[in-house]
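Here's the structure we're looking at; comments come further down.
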There are 2 protein chains.
Amino acid sequence: MSDRLDWNDLRERRMTEPGAAETYEATRIAFELGQEVRHLREGHGWSQSELARAAGMTQSAVARFEAGGTVPTLPVLERLARALDRRLDVRFASNADAA
Amino acid sequence: MSDRLDWNDLRERRMTEPGAAETYEATRIAFELGQEVRHLREGHGWSQSELARAAGMTQSAVARFEAGGTVPTLPVLERLARALDRRLDVRFASNADAA
DNA sequence: CCAACTCATAGCATCGATGCTATGGGTTGG
DNA sequence: CCAACCCATAGCATCGATGCTATGAGTTGG
């Protein structure tokens, strides 16, 4: 379920391009954030449409984001965080820090 | 020193627009990240040009970012983190968590 | 005084994320 | 079988971030 996306291909392609180590990372982060949002959303018992309304976006945008279809921008992450009653945390961690 | 920027005005304007709570937050985050990068960069004893080269961008881009001139994208943050020997950490923290 | 370096900015092209509308397939409940 | 909901995707317009080049002002060292 939800594994026949075109975006999976897109993402995979992006992550295997030559010399795209940073893009790879960003894409991976985007994917993980998408999964986390999906998790949080389901925890709230919300549909994509409901989250979308709460975050001031459309269902399609939520779907695209959850699927890792694009690398989200900070404003979007911020709105999602608010809707999900979280705080967006972005920082440069020491490489030694735990993941 | 470094306080006569046009971007300060731009940012301020962005942060005082009506109903721009999320944009405000994103702009604030961008500003803080910029300051942190500047701090880290100076800790390495690097000029903007040197960091730019290490991060695969130009000096003007670094200056723009450090000044909070734009809200950076994850790929850019990732590249800067790598150049500065850090790990980019993005997550949805519980509202109770410390800043 | 000049050369070399610093950082701040401008202007423009391009790329990519987002917003939007519209489907389509899947599932469920009547 | 149909209505109503779910989510995945497409296509397109727009906006904004980034890359680029080129200055300019300030500082420092010769």
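These values consider heavy atoms only, across backbone and side chains, with no hydrogens, waters or symmetry-generated copies.
Phosphate proximity of dT18(C) to Thr70(A): present, with a side-chain N or O under 4.0 Å from OP1 or OP2. Not one side-chain nitrogen or oxygen of Arg41(B) sits closer than 4.0 Å to the OP1 or OP2 atom of dT6(C). Listed pair Arg79(A) / dG19(C) meets the phosphate criterion, a side-chain N or O lying under 4.0 Å from OP1 or OP2. Between Thr73(B) and dT18(D) there is a side-chain N or O to OP1 or OP2 distance below 4.0 Å.
Whole-Å rounding puts the Gln48(B) CD to dT9(C) C1' distance at 11 Å. Rounded to whole angstrom, the span from the CZ atom of Arg64(B) across to the P atom of dT9(C) amounts to 12 Å. Counting to the nearest Å, the C1' atom of dA17(C) and the CZ atom of Phe65(A) are 12 Å from each other. Put simply, CG on Leu33(B) is 11 Å from P on dT18(D), counting in whole angstrom units. Taking atom CG of Leu51(B) as the reference point, atom P of dC7(C) lies 10 Å away to the nearest angstrom.
Between Ala61(B) and Trp46(A), the residue whose closest nucleotide on DNA chain D is further toward the 5' end is Trp46(A). Residue-to-nucleotide proximity on DNA chain C shows that, of Leu77(A) and Gln59(A), the 5′-proximal contact is made by Leu77(A).
Looking at heavy-atom distances under 4.0 Å, Val76(B) makes contact with sugar-phosphate atoms alone, never a base. Within 4.0 Å (heavy atoms only), Glu66(A) reaches no atom of the nucleic acid at all.
The side chain of Ser60(B) sits closest to dA22(D) out of dT6(C), dA22(D), dA8(D). Side-chain proximity of Thr58(B) to dA8(C), dT18(C), dT21(D): nearest is dT21(D).
Surrounding NE2 of His44(A) are more than 12 heavy atoms belonging to other residues, nucleotides or ligands, all under 6.0 Å away.
With sequence neighbours left out, the salt bridge (Lys or Arg N to Asp or Glu O under 4.0 Å) criterion links Arg41(B) to Glu66(B).
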query: After noting the C-alpha distance and the side-chain angles of Leu74(A) and Leu74(B), does the key distance pass the side-chain contact (heavy atoms from CB on, under 4.5 Å) rule?
result: CA-CA 8 Å; Leu74(A) 292 187; Leu74(B) 292 188; 4.2 Å; yes

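When each of Arg53(B), Gln48(B), Arg64(B) is tested with Gln59(B) by the rule side-chain hydrogen bond (donor to acceptor under 3.5 Å, both in side chains), just one qualifies, namely Gln48(B).
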